[in-house]
Amino acid sequence: MERIRIATRRSALALWQANHVRDLLLAAHDGLEVELVPIVTRGDRILDRPLAEIGGKGLFLKELEVSMLAGESDLAVHSMKDMPAEDTPGLALRAALPRANPFDAWLSRNGALLAELPAGARVGTSSLRRRCQVLAARPDLDVVELRGNVDTRLAKLDAGEYDAIILACAGLERLGLGERITARLEPPDWLPAGTQGIIGLQCREDDPDLDTAIAPLADAPAMRQAVAERTVLAALQGSCQVPLAVYAELGEGDALQLTGMVGSPDGRRMLRAVEAGTDPQATGLAVAEALRSQGADDIIAALSEHPA
């Protein structure tokens, strides 16, 4: 293969990820030409409404998928947490890069931790999952919608529009902004989004030459985590409209421990399940079933009828 065209969003983080994949491909293949195809997605254009209201995860990749299906690009580089759990017909998730920090980052203006904020303090996030976990711990806080790219969100925090905001550690660290993190929100007290911190490579499913080209970039442990976590998301219709968290921790050999959470947006109800196994898909299905047995379907159905 002589040339690969990478479809990417235009945000600083998306371009960092696409250039990172470009560099890896160039290092793996002598004489290869790699071109970036920057695209603006609907999720990038609509910044004044909550993600849960305007359609959720697919908003950040639909145009990239159309580009690949039309033959205008060959490969898309995604933050895997933005990808719906079900593959788009004609396209496939072919590889996962080694996982970066999977956890959430707490950023506050004065260094206060979640437990230290005064009652009524404003916490910014666009995620129902994060909203649920904040309010479960601190129902006295005011959780406010926060949209925009990383720089925009940090500027709003610095301007005093929020007392604290929550972002992904991986995105901040990839952009060299790790020093802005006040604290890392980690299990068991706090669970991340499924596949957070994993870069996924998506391409047309009938492109064996491209499969061969990206094979050296694939990380098997990250893909095991992705399969386990995406299985839970798929089984429970996980999207931006559902406060759902899931994290697979790898052990020795093929062992993994998978923890899942489904909650109500107000944090008043939170279901958790933990399963161990060696088969990522089977373990994911076991966690989903355990959450269902506790009433997860009722929470999801209520949100479908009355979105948060």
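- Under the 3.5 Å distance criterion, the side-chain polar atoms of Arg109 are left unmatched by any main-chain donor or acceptor of Ala164.
- A cation-pi geometry, defined here as NZ or CZ lying under 6.0 Å from the six-membered ring centre and within 45° of its normal, does not hold between Arg184 and Phe103.
- By the 4.0 Å N-to-carboxylate-O rule, Asp158 lies close enough to Arg180 to be salt-bridged with it.
- To the nearest 0.5 Å, the span separating CD on Glu33 from CE on Met1 amounts to 11.5 Å.
- Atoms CG and CG, on Leu117 and Asp140 in that order, are 9.0 Å from each other to the nearest 0.5 Å.
- For Arg292 and Asp297, the salt-bridge test passes: some basic side-chain N is under 4.0 Å from an acidic carboxylate O.
- A donor-acceptor contact shorter than 3.5 Å links the side chain of Gln294 to the backbone of Arg272.
- Salt bridge status for Glu72 with Arg5: absent, with no side-chain N to carboxylate O gap under 4.0 Å.
- The ring pair (Phe, Tyr, Trp, His ring centres under 6.0 Å) search around Trp16 returns His20, not counting sequence neighbours.
- For CD of Glu161, the number of neighbouring non-hydrogen atoms (other residues, nucleotides, ligands) closer than 6.0 Å is greater than 12.
- Taken from CD in Glu63 to CZ in Arg9, the straight-line distance is 10.0 Å, to the nearest 0.5 Å.
- Judged by distance alone, the side chain of His29 and the main-chain N or O of Ala213 form a donor-acceptor pair under 3.5 Å.
- Taking the charged nitrogens against the carboxylate oxygens, Asp87 and Arg230 do have a contact shorter than 4.0 Å, which makes a salt bridge.
- Taking a 6.0 Å sphere around CD of Glu179, one finds it holds more than 12 heavy atoms contributed by other residues, nucleotides or ligands.
- Once rounded to the nearest 0.5 Å, the distance linking CG of Leu25 with CG of Leu201 reads 7.5 Å.
- A distance-only check finds no donor-acceptor pair linking the side chain of Ser79 to the backbone of Lys81 [under 3.5 Å].
- Taken to the nearest 0.5 Å, the OG atom of Ser73 stands 7.0 Å off from the CZ atom of Arg204.
- Ion pairing between Glu229 and Arg99 holds under the 4.0 Å rule for side-chain N and carboxylate O.
- With salt bridges taken as basic N to acidic carboxylate O contacts below 4.0 Å, one links Asp104 and Arg130.
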